[in-house]
Number of protein chains: 2
Amino acid sequence: MIKFRNQEYACTTEITLGLISGKWKILILSYLSHKTCRFNELQKLMPETTQKMLTLQLRELEKDGLIIRKVYAVAPPKVEYMLSELGQRLIPLLTQLCKFGSDYVDSFPLDDSVPSDQHV
Amino acid sequence: MIKFRNQEYACTTEITLGLISGKWKILILSYLSHKTCRFNELQKLMPETTQKMLTLQLRELEKDGLIIRKVYAVAPPKVEYMLSELGQRLIPLLTQLCKFGSDYVDSFPLDDSVPSDQHV
DNA sequence: CGGAATCCAACACGATACTG
DNA sequence: CAGTATCGTGTTGGATTCCG
């Protein structure tokens with residue numbers, strides 16, 4: 001049993017999962033792995049997100065040390081987000097998770113939208 | 001955008017995360033990676049779990065093809081759980097997630113909520 | 001032994017409106 | 001431009017009880 005930030009974990013795997021388990025975190029990290037982005041830019045890249053959710057996810061990623069928030073003291077406001085060194089180290093792992101998911105989907109080729117015999 | 005099982009995903013990473021994002025799934029997979037276990041055994045290994053939750057998580061893992069449920073037609077009932085080939089392929093990934101989490105915890109040694117008497 | 005069924009609390013997520 | 005604030009909802013996890 002591991003204690004971290006007033007939370008208890010049975011395994012540090014759960015800590016890593018906690019870092020990336022948020023509705024938009026994977027996407028954010030993915031986009032930021034390519035380039036630094038402004039808030040507005042991220043919004044355009046993820047049109048499905050609400051401002052509130054995007055802000056929330058960015059704040060959590062920042063608090064967890066995976067991204068860096070850079071505020072420029074100009075008008076109109078300018079804020080840039082980029083991966084931290086920690087965040088960059090996470091990217092290869094995400095790539096592997098992505099690869100597994102992709103293989104996984106391929107291993108269930110007939111499962112897409114065919115509820116033929118769900119009555120098990 | 002990927003469609004899979006009537007769900008939409010922005011990235012297959014999210015599919016993999018969905019497979020292992022359940023309160024007890026990591027632990028279950030971890031235990032089953034060492035040996036085949038009966039329901040009762042898993043319960044003893046995870047005393048914090050309720051029967052309902054353990055059953056639910058096992059059912060999901062089975063439905064997702066990560067574990068195999070083997071029912072013996074005997075009295076009293078005997079049910080064994082083991083990793084599928086797909087589940088086995090997931091283990092190295094979990095190990096890496098675990099490693100990252102462990103490194104992550106070490107990189108925040110001054111975190112306010114970590115008790116100082118932790119000599120890890 | 002290995003469940004299923006029911007009820008309930010917490011929280012993640014979302015829609016919408018407002019702001020320095 | 002880059003956010004807050006408020007309110008509402010769906011999903012997840014948990015406690016408890018009953019069953020073949």
Side-chain angles (χ1 to χ4, degrees), chain A residues 5-11 14-15 17-28 31-32 36-64 67-82 118-120, chain B residues 5-11 14-15 17-29 31-32 36-64 67-82:
Chain A
R5 291 178 181 165
N6 288 335
Q7 291 269 346
E8 296 198 342
Y9 302 92
C11 171
E14 294 171 1
I15 293 179
L17 287 184
L19 296 177
I20 59 181
S21 298
K23 189 63 191 286
W24 307 100
K25 291 189 181 176
I26 298 286
L27 272 185
I28 294 172
Y31 285 125
L32 293 186
T36 295
C37 288
R38 295 183 61 171
F39 186 86
N40 203 352
E41 246 176 307
L42 288 171
Q43 258 194 301
K44 283 173 193 161
L45 289 167
M46 296 174 279
E48 313 273 272
T49 319
T50 61
Q51 283 184 325
K52 178 199 157 185
M53 278 314 295
L54 186 52
T55 302
L56 188 65
Q57 304 284 292
L58 287 168
R59 287 289 184 282
E60 288 186 13
L61 289 170
E62 186 197 8
K63 172 182 67 63
D64 290 337
I67 69 173
I68 293 167
R69 181 169 177 263
K70 214 171 192 170
V71 183
Y72 295 86
V74 297
K78 177 179 174 182
V79 180
E80 278 183 352
Y81 294 94
M82 67 195 70
Q118 295 284 28
H119 54 283
V120 184
Chain B
R5 292 179 180 164
N6 288 333
Q7 290 268 345
E8 296 198 344
Y9 301 92
C11 172
E14 294 171 1
I15 293 180
L17 286 185
L19 296 177
I20 58 181
S21 296
K23 190 61 193 286
W24 306 100
K25 291 189 181 176
I26 299 287
L27 272 186
I28 293 172
L29 292 171
Y31 285 126
L32 293 187
T36 295
C37 287
R38 296 183 60 173
F39 186 86
N40 204 348
E41 247 177 307
L42 288 171
Q43 258 193 302
K44 282 172 192 162
L45 288 166
M46 297 174 278
E48 312 274 273
T49 253
T50 61
Q51 281 184 326
K52 177 201 159 183
M53 280 313 296
L54 186 53
T55 301
L56 187 65
Q57 304 285 292
L58 286 168
R59 286 290 184 280
E60 289 185 12
L61 288 170
E62 186 196 7
K63 171 183 68 62
D64 291 337
I67 67 173
I68 293 168
R69 180 169 178 262
K70 213 171 193 169
V71 183
Y72 295 87
V74 297
K78 176 179 175 182
V79 179
E80 278 184 352
Y81 294 94
M82 69 195 71

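For clarity, every value in this text was computed on a predicted model and none was experimentally measured. Residue numbers begin at 1 in each chain, while the letters A, B, ... track the order of the sequences. Hydrogens, waters and symmetry mates are skipped; everything else that's a heavy atom, side chains included, is used.
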- Message: Please confirm whether the shortest side-chain N or O distance from B:Y81 to OP1 or OP2 of C:dG3 is below 4.0 Å.
- Response: yes
- Heavy-atom protein contacts under 4.0 Å, nucleotides 4-20 of chain C, coded B base, S sugar-phosphate only, - none: SBB------BBB----B
- Query: Quick one: does B:Q57's side chain have a donor or acceptor within less than 3.5 Å of a partner on B:W24's backbone?
  - Reply: yes
- Message: Quick one, B:K70 and B:V79 - any side-chain contact, counting heavy atoms below 4.5 Å?
- Response: no
- Message: What is the separation between atom CZ on B:F39 and atom C1' on C:dG2, rounded to the nearest whole Å?
- Response: 6 Å
- Query: Any side-chain N or O of B:R38 less than 4.0 Å from the OP1 or OP2 oxygen of C:dG2?
  - Reply: yes
- Message: Using every non-hydrogen atom in the two residues, find where B:E41 and B:T36 come nearest and quote the distance to one decimal.
- Response: OE1-O, 4.2 Å
- Take atom CZ of B:R69 and atom C1' of C:dG3, then tell me their distance rounded to the nearest Å. 8 Å
- Other residues, nucleotides, ligands: >12 heavy atoms within 6.0 Å of A:K63 NZ: yes
- Message: Can you tell whether the side chains of A:R59 and A:D64 come within less than 4.0 Å, N to carboxylate O?
- Response: no
- Message: Between P on D:dT12 and CG on A:L17, what's the gap in Å once rounded to a whole number?
- Response: 15 Å
- Any donor-acceptor pair under 3.5 Å linking the side chain of B:Q43 with the backbone of B:F39? no
